Amino acid sequence: MKLQKIKGFTLVEIAIVLVIVGLLIGGVLKGQEMITNAKLKRIESDNAGIAAAMFSYQDRYLQLPGDDSAASGRFNTTPPLPVGNGNGIIGVSTGDWAATSGETAVFWQHLRAAGLVAGGSTDSTRPSNAYGGKIGVQDGFVNIAGHVTVFGQIEGPIAKILEARLDDGTPGIGRLQGSDVGSSGAATAYLDSKRYDLGFRL
């Protein structure tokens with residue numbers, strides 16, 4: 001009886017397969033890192049763009065968008081734009097930056113009517129951030145005094161990176177502060193399993 005020779009893989013063939021698998025895994029990980037970095041940069045640039053638009057509006061009309069008490073006469077829209085009370089504060093009627101009423105809700109309409117952000121002048125829709133949450137502006141957020149841009153639904157790991165890059169690393173103090181989604185208090189730590197509303201002082 002003749003024995004058949006069983007052929008196996010040589011060490012060179014196994015090494016080549018391992019190198020190819022390693023390159024594929026490295027490419028996937030690098031691609032994920034590039035996507036994360038692009039989203040982080042978008043949040044930073046969105047925040048800078050909102051600040052620039054808000055201050056441009058203030059320079060041009062001597063009132064803040066959303067708080068502008070003369071907006072209905074200033075812009076020729078149908079229906080006329082809602083107005084603020086002109087007290088220099090972008091307030092919210094419910095204490096919530098994502099409210100659908102109050103000056104924070106009108107903020108985007110005033111900027112759009114002035115041509116400082118894209119969209120129709122009667123559109124009060126809040127823009128979405130890179131992570132799918134909404135963006136809002138109001139006076140005060142957690143422990144931040146003054147006007148704040150709030151980015152909703154930011155994942156815990158991303159909140160940690162933004163905090164480390166742009167502030168002091170502590171969620172409840174500094175120019176960038178976070179709050180658990182649905183909570184009004186400052187977060188004590190950013191957990192990977194949670195989402196946060198992040199406020200940036202303007």
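Everything numeric here is computed off the predicted structure, so don't read it as measured data.
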Q: Would Val137 and Ile50 count as a side chain to side chain contact (heavy atoms under 4.5 Å, CB included) if you check the C-alpha gap in whole Å, the side-chain angles of each, and the deciding distance to 0.1 Å?
A: CA-CA 9 Å; Val137 176; Ile50 292 165; 3.9 Å; yes

Q: Ignoring hydrogens, what is the shortest heavy-atom contact between Ser128 and Arg42? Give both atom names and the distance.
A: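 Taking every non-hydrogen atom into account, O-NH2, 3.0 Å.
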
Q: Is there a donor-acceptor pair under 3.5 Å between the side chain of His147 and the backbone N or O of Ile90?
A: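 Yes; at least one donor-acceptor contact below 3.5 Å.
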
Q: Only counting residues at least two apart or in another chain, list the ones meeting side-chain contact (heavy atoms from CB on, under 4.5 Å) with Ser124.
A: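 Ser124 satisfies side-chain contact (heavy atoms from CB on, under 4.5 Å) with Gln109 only.
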
Q: Looking at residues at least two apart in the chain, or sitting in another chain, which of them share a side-chain contact (heavy atoms from CB on, under 4.5 Å) with Leu24?
A: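 Checked Leu24 against side-chain contact (heavy atoms from CB on, under 4.5 Å); matches are Ile20.
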
Q: Hydrophobic clusters join Ile, Leu, Val, Met, Phe, Trp and Tyr when side-chain heavy atoms are under 4.5 Å apart, directly or via other members; which others share one with Val19?
A: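 Members other than Val19 - counting any ILVMFWY side chain reachable under 4.5 Å - are Leu23.
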
Q: Hey, could you give me the CD1/OG distance between Ile154 and Ser179, rounded to the nearest 0.5 Å?
A: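 Separation between the atoms: 13.0 Å.
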
Q: For Asn129, what residues pass the side-chain hydrogen bond (donor to acceptor under 3.5 Å, both in side chains) criterion, not counting sequence neighbours?
A: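 Asn129 satisfies side-chain hydrogen bond (donor to acceptor under 3.5 Å, both in side chains) with no residue once adjacent residues are dropped.
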
Q: Please give me the minimum heavy-atom distance between Ala70 and Gln63, naming the atom from each residue.
A: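 Where Ala70 meets Gln63 most closely, the heavy atoms are N-NE2, 4.1 Å.
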
Q: Any non-hydrogen side-chain atom of Arg126 less than 4.5 Å from a side-chain atom of Phe107?
A: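 Of all side-chain heavy-atom pairs linking Phe107 with Arg126, none is under 4.5 Å.
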
Q: For Asp197, is there any backbone N or O sitting under 3.5 Å from a side-chain donor or acceptor partner on Gln153?
A: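 Checking the backbone N and O of Asp197 against the side chain of Gln153, no donor-acceptor pair under 3.5 Å is found.
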
Q: Please give me the minimum heavy-atom distance between Val117 and Arg112, naming the atom from each residue.
A: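 Heavy atoms only, the tightest pair is CG2-CG, 3.4 Å.
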
Q: Return a table of donor-acceptor pairs under 3.5 angstrom between the side chains of residues 78-88 and protein atoms on other chains or two or more places apart.
A:
from  : atom 1 : to    : atom 2 : distance (Å)
Asn85 : OD1    : Asn87 : N      : 3.1
Asn87 : OD1    : Ile89 : N      : 3.0

Q: Apply side chain to side chain contact (heavy atoms under 4.5 Å, CB included) to residues Tyr57 and Leu111 and explain how you reach the verdict.
A: CA-CA 7 Å; Tyr57 188 100; Leu111 287 181; 4.0 Å; yes

Q: Going by side-chain contact (heavy atoms from CB on, under 4.5 Å), name the residues that satisfy it together with Thr36, two or more places apart in sequence or in a different chain.
A: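 Once residues adjacent in sequence are excluded, the partners of Thr36 under the side-chain contact (heavy atoms from CB on, under 4.5 Å) criterion are Leu40, Tyr131, Ile158.
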
Q: Tell me which pairs pass salt bridge (charged side-chain N to carboxylate O under 4.0 Å, His left out) where either residue lies in residues 147-160, with sequence neighbours left out.
A: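 Non-adjacent pairs meeting salt bridge (charged side-chain N to carboxylate O under 4.0 Å, His left out): Glu155-Arg195, Lys160-Asp192.
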
Q: Can you tell me which residue pairs pass the salt bridge (charged side-chain N to carboxylate O under 4.0 Å, His left out) test with a partner in residues 49-72, sequence neighbours excluded?
A: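 Those involving residues 49-72 are Asp68-Arg74.
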
Q: Which residue pairs satisfy the ring pair (Phe, Tyr, Trp, His ring centres under 6.0 Å) criterion with at least one member in residues 173-195, sequence neighbours excluded?
A: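 Only Tyr190-Tyr196 qualify under ring pair (Phe, Tyr, Trp, His ring centres under 6.0 Å).
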
Q: Pairs in or reaching into residues 161-173: which pass salt bridge (charged side-chain N to carboxylate O under 4.0 Å, His left out), with residues at least two apart or in two chains?
A: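 For residues 161-173, and leaving out neighbouring residues, the salt bridge (charged side-chain N to carboxylate O under 4.0 Å, His left out) pairs sorted by first residue read Glu44-Arg165.
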
Q: How far does CG of Leu198 sit from CD1 of Ile135, to the nearest 0.5 angstrom?
A: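 So the CG of Leu198 and the CD1 of Ile135 are separated by 11.5 Å.
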
Q: Who passes side-chain contact (heavy atoms from CB on, under 4.5 Å) against Asn47, sequence neighbours left out?
A: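 For Asn47, the residues satisfying side-chain contact (heavy atoms from CB on, under 4.5 Å) (neighbours in sequence not counted) are Thr149, Phe151, Arg175, Phe200, Leu202.
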
Q: What are the two closest non-hydrogen atoms of Ile144 and Gly174, and how far apart are they?
A: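 Scanning both residues completely, I find the closest heavy atoms to be CG1-O, 4.0 Å.
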
Q: Kindly say whether Gly91 contributes a backbone atom to a donor-acceptor pair with the side chain of Asp139 at under 3.5 angstrom?
A: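 Not at all, since once roles are kept as given, no pair shorter than 3.5 Å links the two residues.
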
Q: What closest approach, in Å, do Pro171 and Gly169 show between heavy atoms, and which atom pair accounts for it?
A: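 For Pro171 versus Gly169, the nearest heavy atoms are CD-O, 3.9 Å.
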
Q: For Phe75, what residues pass the ring pair (Phe, Tyr, Trp, His ring centres under 6.0 Å) criterion, not counting sequence neighbours?
A: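 For Phe75, the residues satisfying ring pair (Phe, Tyr, Trp, His ring centres under 6.0 Å) (neighbours in sequence not counted) are Tyr61.
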
